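Input: a single structure, listed below in structure tokens.
A quick note: this is a predicted structure, and the numbers were derived from the prediction, not measured. All heavy atoms count here, side chains included; hydrogens, waters and symmetry mates do not. Just so you know, ligand 1 is whichever comes first in the structure, and atom 1 is the first atom listed for that ligand.
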Amino acid sequence: MSALPYVPDLESIDPSLDLVAEIGRLRSARRAVILAHYYQEPEIQDLADFVGDSLQLSQAAATTDAEVIVFCGVHFMAETAKILSPSKIVVIPDMDAGCSLSDRCPPEAFGAWLQQYPGHEVVSYINCSAGVKALSTVICTSSNAVRVVESLPKEAPIVFAPDRHLGKWVMTQTGRDMVLWPGFCIVHEQFTAKRVAALKAQHPDAKLIVHPECDATVSRMADFVGSTAAMLTFVIERPERKFIVGTEAGILHQMHKARPEAQLIPIPADSGCNCSLCPYMKLNSLEKIYLCLRDLEPAIHLDENIRRQALKPLERMLSLG
Ligand code: 13P
Ligand code: SF4
């Protein structure tokens, strides 16, 4: 008989509670660490012990000596933390915080698709499930994808999944041909060349910086393409005072803190919300972080066989530095 899934009971929170103080108290009592991705709400980034991109967060999850990891990000990130640190309790504020890349690449379909490519090395973007990681040769993130692909023998045929845009960008950087799984990020795919051209015309003195999950028509126009951490470093180090930013708008918080005098212009989606927010990342809240620490739920649980298989390609990535 399986246990009922945990449902965060927001009504059970005393409205007079000072959530930030209570989270701090529980964090010490539980010997917990709070990790947050750059796409989290500013108040979550501000109370986290560590804020970073996917690579930095997986490194932090692999090396922390905390007993509990509260992962303020999306499901595949918390799952990666559990693969790397199986003896720790890993909780995520909202179990429904998925990712279009991971959700649209189910392990069964991916395994069947791979049958067409025998003998290929399988490079999987970290934005995938443990089941897909378990089928992979090596994992990469947006900050090390080029290095990871270049670490494979020159003549090796390669399958890259699940982000076709990151895959295409890596192909342009490495000159290597790769078979691409046709996945995409619902946030970055909404940035169009038309919108970006209009913004550039409006702000000719701005540097255009974009994430490699963007379509090639957008990346080709950019002054810089890199992971969230690399984009932040670019803004910190460059003398310019105006930047058009092509990624989820959560990153603007750290950019503003580092360069308060700079003008940051997020690219809006060309449809729907007209924003640049990830609906999955934004499911997390202070209330749910408090409940996570109070209840130690919802916790990530993994099949041990899958975890062990998924660990190998992750460790191979981490060993590349
Ligand atoms: P990075 O953290 O590697 O920049 O990737 C961004 C992202 O989309 C995470 O979901
Ligand atoms: Fe996934 Fe895109 Fe959201 Fe990142 S921004 S979690 S890639 S849907």
Side-chain angles (χ1 to χ4, degrees), residues 35-41 44-45 48 50-61 71-81 92-105 123-129 132-133 139-148 160-167 169-170 181-191 209-215 218-219 222 224-235 245-255 266-269 272-273 275-284 314 317-318 320:
L35 305 180
H37 191 268
Y38 287 127
Y39 294 166
Q40 292 297 285
E41 295 285 8
I44 297 180
Q45 295 190 36
F50 184 79
V51 184
D53 72 355
S54 305
L55 179 63
Q56 295 166 330
L57 291 171
S58 57
Q59 288 164 335
F71 213 117
C72 302
V74 291
H75 187 269
F76 76 81
M77 296 179 173
E79 200 176 55
T80 301
I92 177 166
D94 194 314
M95 205 46 130
D96 290 334
C99 166
S100 62
L101 283 164
S102 181
D103 297 351
R104 295 179 194 180
C105 185
V123 180
S124 293
Y125 188 29
I126 199 163
N127 298 37
C128 66
S129 62
V132 167
K133 288 185 176 74
I139 304 303
C140 70
T141 74
S142 62
S143 57
N144 64 15
V146 168
R147 193 153 28 107
V148 166
F160 188 94
D163 186 358
R164 65 180 178 207
H165 298 305
L166 176 63
W169 181 73
V170 171
W181 172 272
F184 59 89
C185 160
I186 52 165
V187 178
H188 293 87
E189 175 130 318
Q190 295 300 323
F191 303 150
I209 58 175
V210 308
H211 196 277
E213 288 177 15
C214 293
D215 186 272
V218 169
S219 308
F224 178 73
V225 181
S227 75
T228 46
M231 291 168 81
L232 176 60
T233 303
F234 187 90
V235 167
V245 182
T247 194
E248 213 270 0
I251 187 68
L252 299 187
H253 181 55
Q254 299 297 333
M255 290 176 175
I267 304 174
C273 65
C275 69
S276 42
L277 303 178
C278 171
Y280 305 107
M281 287 277 181
K282 269 30 187 193
L283 283 175
N284 298 328
L314 262 173
M317 171 187 82
L318 292 173
L320 292 171

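- The part of Tyr39 lying near ligand 1 is the side chain, judged by heavy-atom distances below 4.0 Å.
- Ser276 places no side-chain N or O within donor-acceptor distance of the main-chain N or O of Gly246, the cut-off being under 3.5 Å.
- For the pair Ile186/Pro279, a side-chain contact is recorded, criterion being any heavy-atom separation below 4.5 Å from C-beta on.
- Distances under 2.8 Å from atom 1 (Fe) of ligand 2 pick out the protein N/O/S atoms Cys99 SG.
- Of all protein heavy atoms, the one closest to atom 8 (O) of ligand 1 is Glu213 OE2, 3.0 Å.
- Distance alone, capped at 3.5 Å, is enough to place a donor-acceptor pair between the Lys133 side chain and the Cys128 backbone.
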Inset, instruction - Please test Ser58 against Met317 for side chain to side chain contact (heavy atoms under 4.5 Å, CB included), starting from the C-alpha separation and ending with a verdict. - result: CA-CA 11 Å; Ser58 57; Met317 171 187 82; 4.1 Å; yes
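- For the pairing with Glu248, the side-chain hydrogen bond (donor to acceptor under 3.5 Å, both in side chains) check across His211, His188, Lys282 returns one residue only, Lys282.
- Applying the 4.0 Å criterion to heavy atoms of Glu213 picks out, from ligand 2, the atoms 2 (Fe), 7 (S).
- Neither the backbone nor the side chain of Glu248 has any atom closer than 4.0 Å to an atom of ligand 1 (non-hydrogen atoms only).
- Considering backbone and side-chain atoms alike, Ser143 places every N or O at 3.5 Å or more from each N or O of ligand 1.
- In this structure the side chain of Leu57 reaches within 4.5 angstrom of the side chain of Phe71, judged on heavy atoms.
- Counting heavy atoms from C-beta on, the side chains of Ile139 and Val148 never come closer than 4.5 Å.
- Each of the following atoms of ligand 1 lies closer than 4.0 Å to a heavy atom of Thr228: 1 (P), 2 (O), 4 (O).
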Legend entry - Worked check of side chain to side chain contact (heavy atoms under 4.5 Å, CB included) between Glu213 and Ser142: CA-CA 8 Å; Glu213 288 177 15; Ser142 62; 5.5 Å; no
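- Ligand-side atoms of ligand 1 in range of Ser142: 1 (P), 3 (O), 4 (O), 5 (O), range being under 4.0 angstrom from any heavy atom.
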Legend entry - Test log, rule side chain to side chain contact (heavy atoms under 4.5 Å, CB included), inputs Met77 and Leu35: CA-CA 10 Å; Met77 296 179 173; Leu35 305 180; over 6 Å; no
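- Proximity of His211 to ligand 1 is established by a heavy-atom distance of less than 4.0 Å.
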Legend entry - side chain to side chain donor-acceptor pair (under 3.5 Å) between Tyr39 and Thr247, worked out: CA-CA 9 Å; Tyr39 294 166; Thr247 194; 2.6 Å; yes
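- For ligand 1, the atoms lying closer than 4.0 Å to a non-hydrogen atom of Ser227 are 4 (O).
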Legend entry - side chain to side chain contact (heavy atoms under 4.5 Å, CB included) between Ser124 and Trp181, intermediate numbers included: CA-CA 10 Å; Ser124 293; Trp181 172 272; over 6 Å; no
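- Close approach of ligand 1 to Ser54 is summarised as follows: ligand atoms under 4.0 Å from at least one heavy atom of the residue are 1 (P), 2 (O), 3 (O), 5 (O), 9 (C).
- For ligand 1, the atoms lying closer than 4.0 Å to a non-hydrogen atom of Tyr125 are 5 (O).
- For ligand 1, the atoms closer than 4.0 angstrom to any heavy atom of Met77 are 9 (C), 10 (O).
- No side-chain heavy atom of Phe191 sits less than 4.5 Å from a side-chain heavy atom of Val210.
- Listed for the Gln40 side chain is no donor-acceptor partner under 3.5 Å among the backbone atoms of His37.
- When heavy-atom distances to ligand 1 are checked against a 4.0 Å cut-off, Asn127 comes that close only through its side chain, counted from C-beta outward.
- Heavy-atom distances between Gln56 and ligand 1 stay at or above 4.0 Å for every pair.
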